[in-house]
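To start, the structure itself, in structure tokens.
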Amino acid sequence: MKKLFLIAIACLAVMMPANAQILRRIGESAARAAEGAVSNQINRKIDEGIDDAFNKNKKNKNKDAEQAEEIDDEEEATSQSSKKSKAKQPRTIEAAYSKCDFIPGDEIIFDDDLVGEQLGEFPSKWDLIGGVSEVVKFDGKMALDFQDNTTRVAPLMKNPRNYLTDEFTVECDFFAGDNSTIKEGLYSRSHYRMDFISEEDGRVMEFYWHTADVKEVQCWYTSTNGDGRSSEADISALLVDGEWNHLSISFNKRAFKAYINGTRVINIPNMKAPNYLELESRLWSDHGVNYVTNFRICKGAVPLYDRLTTDGKIITYGITFDTGKATIKPESMSEINRIKNLMDEDESLNFEVQGHCDATGSAATNQKLSQERAEAIVAKLVEMGIDESRLTASGKGSSEPIADNSTDEGRAKNRRVEFVKK
């Protein structure tokens with residue numbers, strides 16, 4: 001150790017010529033001291049000090065390395081967890097829809113994806129009851145932006161107070177804001193509300209779904225015997241923060257059911273029937289974001305088998321795609337799964353899967369897109385276990401309309417999938 005000390009001093013002397021003389025004197029003094037008992041004690045102290053410094057330095061380096069490794073591990077784990085979560089989420093939602101008992105209606109009453117609307121303007125297919133709202137493009141979708149603390153809108157219908165039937169379904173995509181833009185300690189509940197109203201009895205259902213820091217659904221409704229009741233459910237495990245989510249509602253004579261991303265959250269057996277609905281959004285914070293798109297109201301669905309035996313084919317609006325693409329939306333899986341079950345139960349059933357578009361866009365583009373969509377459905381059914389020989393894909397483009405392409409409702413009906421029995 002003494003030799004190392006002397007060597008270190010010598011090195012310093014070389015590195016610091018200006019102080020070489022001082023260092024040499026220190027070196028000579030240390031060398032002479034090393035010969036005596038006192039110098040031995042000094043050397044032991046020096047040795048101990050150097051050893052302590054070395055060990056302390058080594059310990060700090062190890063600690064720093066361990067901390068850096070822990071940080072890297074945490075960042076990697078967070079990154080992997082985030083990637084894993086994002087990778088697993090679509091499959092989780094798809095699985096939920098595969099088991100979902102929601103049956104989308106088969107006759108469209110109202111349909112609005114806001115495509116073609118003017119950005120910054122109020123949408124043409126809605127009526128403003130109060131507040132401030134306009135069309136925006138957000139996260140890849142045209143959407144209705146609720147900008148005021150309380151904004152209330154309603155579908156613009158020919159008979160605005162009497163268009164819901166005894167059996168109907170309502171679907172929409174809504175954006176679930178997270179807390180990333182919320183200032184710490186700031187109360188930030190953002191919520192959506194859908195009121196179902198009877199001409200005779202007034203509001204018979206107030207249905208709320210909350211995002212951000214409160215994730216739940218709540219509803220207050222009037223039962224068939226006239227008394228007020230309530231129901232609620234925690235949806236924190238169902239919502240995907242910072243993403244588009246899907247709401248589905250069905251009403252069958254008196255039974256009301258609501259689903260978030262394919263999972264049923266409300267099941268009411270005896271509610272009074274409504275005649276129309278209104279949509280409201282509340283922002284209880286300047287940092288909230290409330291957006292809605294792909295809003296659809298349909299008359300209740302006829303069972304698949306009845307449709308098949310009556311018409312020899314199944315026309316469905318329950319299989320939907322991303323705008324302009326052949327990417328099947330997760331909520332389509334409930335309908336695709338019913339087709340799969342029907343084919344499992346009757347192995348003699350073979351289908352030509354036809355994709356149909358409205359007249360928007362060129363005929364060539366529509367033909368190509370409809371073919372790709374039909375092929376995507378066939379591929380999904382084959383993936384689920386249906387023999388490929390039982391299915392064929394056929395894109396019809398916009399060549400076989402079943403409604404007037406000059407109206408919004410007609411175009412919505414023409415955008416469909418048909419399973420034609422072979």
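- In this structure a side-chain-to-backbone donor-acceptor pair under 3.5 Å is missing from Asp311 to Lys313.
- Without hydrogens or angle criteria, Asn366 side chain to Thr360 main chain gives a donor-acceptor distance under 3.5 Å.
- Between the Arg254 side chain and the Lys272 main chain, no donor and acceptor come within less than 3.5 Å of each other.
- Of the possible donor and acceptor atoms, none in the side chain of Tyr97 sits under 3.5 Å from a partner among the backbone N and O of Glu335.
- Listed here is the closest heavy atom pair of Ser370 and Gly355: CB-O, 3.4 Å.
- Checking side-chain atoms of Ser398 against main-chain N and O of Cys357 turns up no donor-acceptor pair under 3.5 Å.
- Glu232 contributes atom CD, which lies 6.0 Å from atom CD of Glu216 (distance to the nearest 0.5 angstrom).
- Taking both residues in full, the closest heavy atoms of Leu349 and Arg390 are given as O-NH2, 2.8 Å, listed atom of the first, atom of the second, then distance.
- Residues Glu107 and Thr165 form no side-chain contact, since every pair of their non-hydrogen atoms from C-beta on lies 4.5 Å or further apart.
- Note that the NZ atom of Lys329 and the NE2 atom of His246 stand 8.0 Å from one another [nearest 0.5 Å].
- Using a 4.5 Å heavy-atom cutoff, the side chains of Tyr163 and Pro155 are in contact.
- Considering CD1 of Ile339 and OG of Ser332, their distance stands at 12.0 Å, rounded to 0.5 Å.
- In terms of heavy-atom proximity, Asp173 sits nearest to Glu331 at OD1-OE2, 3.9 Å.
- A donor atom on one side chain and an acceptor atom on the other are not found under 3.5 Å apart for Glu280 and Thr150.
- Phe196 and Phe251 have their aromatic ring centers separated by at least 6.0 angstrom.
- At a cut-off of 3.5 Å, with distance as the only test, no side-chain donor of Asn159 or Tyr276 sits close to an acceptor on the other residue.
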(request) May I have the step-by-step check of side chain to side chain contact (heavy atoms under 4.5 Å, CB included) for Thr323 and Met142, ending in yes or no? (result) CA-CA 10 Å; Thr323 303; Met142 298 292 286; over 6 Å; no
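- Between Thr293 and Phe138 there is no side-chain heavy-atom pair separated by less than 4.5 Å.
- A salt bridge does not link Arg161 with Glu199: every distance from a Lys NZ or Arg NE/NH1/NH2 to an Asp or Glu carboxylate oxygen is 4.0 Å or more.
- No side-chain donor-acceptor contact under 3.5 Å links Glu206 to the backbone of Arg193.
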(request) Applying side-chain hydrogen bond (donor to acceptor under 3.5 Å, both in side chains), run through Ser124 and Glu117 and close with a yes or a no. (result) CA-CA 7 Å; Ser124 61; Glu117 294 283 357; 2.6 Å; yes
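- If you take OG1 on Thr211 and CD1 on Ile235, they are separated by 8.0 Å, rounding to the nearest 0.5 Å.
- In this structure, Asn225 contributes its side chain and Asp227 its backbone to a donor-acceptor pair below 3.5 Å.
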(message) Between Asp145 and Val135, does the side chain to side chain contact (heavy atoms under 4.5 Å, CB included) criterion hold? Intermediate values first, please.
(response) CA-CA 6 Å; Asp145 179 13; Val135 177; over 6 Å; no
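- Between Lys380 and Met333, some side-chain heavy-atom pair lies under the 4.5 Å cut-off.
- Here the closest heavy-atom approach between residue Tyr317 and residue Arg416 is recorded as CE2-CB, 3.6 Å.
- The two atoms that bring Cys100 and Arg338 nearest to each other are O-NH1, 3.8 Å, heavy atoms only.
- In this structure, the side chain of Ser231 does not engage the main chain of Ile266 through any donor-acceptor pair within 3.5 Å.
- Applying the side-chain contact (heavy atoms from CB on, under 4.5 Å) criterion to Leu156, with sequence neighbours excluded, gives Asp127.
- With respect to Glu167 and Lys253, a salt bridge is recorded, a charged nitrogen being found less than 4.0 Å from a carboxylate O.
- A heavy-atom distance below 4.5 Å is found between the side chains of Lys215 and Asp241.
- Separation of atoms CZ (Phe295) and CD (Glu171) is listed at 10.5 Å; rounding is to 0.5 Å.
- Within the 4.5 Å cutoff, the side chain of Leu279 has heavy atoms near those of the Phe146 side chain.
- Under the 4.5 Å side-chain criterion, counting only non-hydrogen atoms from C-beta, Asp408 is not in contact with Asp112.
- For the residue pair Ser198 and Val204, the shortest heavy atom distance occurs at CB-CG1, 3.9 Å.
- Between Phe207 and Trp209, the two ring planes are tilted [angle within 30° to 60°].
- We find the CG-OG1 distance between Asn290 and Thr151 to be 9.0 Å, quoted to the nearest 0.5 Å.
- By the 6.0 Å contact criterion, NZ on Lys299 is open, its count of non-hydrogen atoms from other residues, nucleotides or ligands being 12 or less.
- With a 4.5 Å cut-off on side-chain heavy atoms, Asp106 and Ile315 do not count as touching.
- Between Asp111 and Arg296, at least one side-chain nitrogen of the basic residue sits less than 4.0 Å from a carboxylate oxygen of the acidic one, meeting the salt-bridge criterion.
- Asn245 and Asn261 share a side-chain donor-acceptor pair at under 3.5 Å.
- Side chain of Arg411 to main chain of Asn405: a donor-acceptor pair is present (N/O by atom type, distance under 3.5 Å, no hydrogens or angles).
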(request) Go through Met343 and Phe351 one step at a time and tell me if the side chain to side chain contact (heavy atoms under 4.5 Å, CB included) criterion holds. (result) CA-CA 9 Å; Met343 296 186 75; Phe351 286 120; 3.8 Å; yes
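- Asp358 places no side-chain N or O within donor-acceptor distance of the main-chain N or O of Asn414, the cut-off being under 3.5 Å.
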(request) Carefully, step by step, assess Phe419 and Leu381 under the rule side chain to side chain contact (heavy atoms under 4.5 Å, CB included). (result) CA-CA 12 Å; Phe419 292 84; Leu381 286 166; 4.1 Å; yes
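- Under the 4.0 Å criterion applied to side-chain N and carboxylate O atoms, Lys413 and Glu409 are not assigned as salt-bridge partners.
- In this structure, Lys257 fails the cation-pi test against Phe102, since its NZ or CZ atom is not both closer than 6.0 Å to the six-membered ring centre and inside 45 degrees of the ring normal.
- In this structure, Phe256 has its ring center at least 6.0 angstrom away from the ring center of Tyr221.
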